[in-house]
Every structure is written in structure tokens, then in C-alpha cells.
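Notes to accompany the following structure.
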Amino acid sequence: VQLVESGGGLVQAGGSLRLSCAASGSIFSIDVAGWYRQAPGKQRELVADINSGGSINYADSVKGRFTISRDNAKNTVYLQMNTLKPEDTAVYYCNVKYYRNSYEATRYDSWGQGTQVTVSS
């Protein structure tokens, strides 16, 4: 399974960016799709995730500013980021937890290569 991320870049504080992550390969269904980020010198942290039932989790630091969504037909997950702050600067990684078929109980995990988001003050 391959994850292709896009949409990162440089933006001024208060601006917006939209990240996309398209999954391809041997995917029967995506259970949970999420975005994580890692700033220099810090651990990777969950930004937001959404499960197959539509339940969403957000990190407290992004609630009210970021919106995660998914298009199951396209195996794509999005992250709309508004009112960006310098502290949002990080490499953002897409993650999907998926099933390869309808009869195998094993859930697999795949990561994107990361996309840089830089917010200037």
C-alpha cells in the first residue's frame, strides 16, 4: 500500500492549508485514517483521526481550527487547516489502518512519507 501526501507548504500565521493523502494498493477497506505531525526535537503526535463510522478525534491544540474528512470511494483522507499558528510547523504524516480483504482479521498499518508545513509569524 502506498500513501501519497500533498498540500504542504509555507504559509503565514492565520492562513490555511489543505493536506490530502491518497492510498493505493491492496486495500479492501480503510478502518482508521489519520494525520500525525512531528516538529523538530519533539515526538510524533496525533493531530486527528477518523474511523470508518465517522467518529473523529482531534488533538486539543487543533480543535476548532482543523477539520479531518475522508472520501471512501477514493481512499483519500484530508486535513483542512485554518487559522494556522507558528506552533503548527511540523512534518505532517498520513496514517491508515486497513484491511486487505473481507475474510482476514489482520489490520495493517501504513505511513506516508510526510509533508512539511511551515507557518511563519
I'd like to check the side chain to side chain donor-acceptor pair (under 3.5 Å) partners of S29; sequence neighbours left out, ordered by chain and number. none
Heavy-atom donor-acceptor pair, R70 side chain to I50 backbone, under 3.5 Å: yes
Going by ring-ring contact (aromatic ring centres under 6.0 Å, His included), name the residues that satisfy it together with Y108, two or more places apart in sequence or in a different chain. Y98
State, to 0.1 Å, how close M81 and L19 come at their nearest heavy-atom pair, and which atoms those are. CE-CG, 3.7 Å
Under 3.5 Å donor-acceptor pairs involving side-chain atoms of residues 114-121, not counting sequence neighbours:
| from | atom 1 | to | atom 2 | distance (Å) |
| --- | --- | --- | --- | --- |
| T115 | OG1 | G8 | N | 3.4 |
| Q116 | NE2 | A90 | O | 3.4 |
| Q116 | NE2 | T118 | OG1 | 3.3 |

Closest heavy-atom contact between Y92 and E5? O-OE1, 3.8 Å
Hphob cluster co-occupancy, Y58 + W35, side-chain heavy atoms under 4.5 angstrom: yes
Distance-minimising heavy-atom pair for T106 and Y99: O-CD2, 3.3 Å
With sequence neighbours left out, what residues match Q80 under side chain to side chain donor-acceptor pair (under 3.5 Å)? N82
Hphob cluster co-occupancy, V1 + I30, side-chain heavy atoms under 4.5 angstrom: yes
Does R100 form a side-chain contact (heavy atoms from CB on, under 4.5 Å) with F28? I'd like the steps, not just the answer. CA-CA 5 Å; R100 290 184 177 174; F28 172 71; 5.6 Å; no
For V4 and Q113, work out which heavy atoms get closest and say how close. CA-OE1, 4.4 Å
Any link between V47 and V11 through a network of hydrophobic side chains (Ile, Leu, Val, Met, Phe, Trp, Tyr) touching at under 4.5 Å? yes
Has R65 got a side-chain atom pairing as donor or acceptor with T83's backbone, closer than 3.5 angstrom? yes
Could you work out, with side chain to side chain donor-acceptor pair (under 3.5 Å) as the rule, every residue matching N57, not counting sequence neighbours? D49
Not counting sequence neighbours, list each pair that qualifies as a ring pair (Phe, Tyr, Trp, His ring centres under 6.0 Å) and has a residue in residues 64-86. none
Can you confirm whether R37 sits close enough to V62 that some side-chain heavy atom of one is under 4.5 Å from a side-chain heavy atom of the other? yes
Are L17 and L79 in one and the same hydrophobic cluster, where Ile, Leu, Val, Met, Phe, Trp and Tyr link if side-chain heavy atoms are under 4.5 Å apart? yes
Roughly how far apart are S26 OG and Q2 CD, rounded to 0.5 Å? 10.5 Å
Do V32 and L3 land in one hydrophobic cluster if side-chain heavy atoms of ILVMFWY residues count as linked below 4.5 Å? no
Tightest non-hydrogen contact, residues N95 and Y36, listed as CB-CE1, 3.9 Å
Between K63 and D60 (salt bridge meaning N to carboxylate O under 4.0 Å), is one present in this structure? yes
Please check if atom CD in Q12 has more than 12 non-hydrogen atoms from other residues, nucleotides or ligands closer than 6.0 Å. no
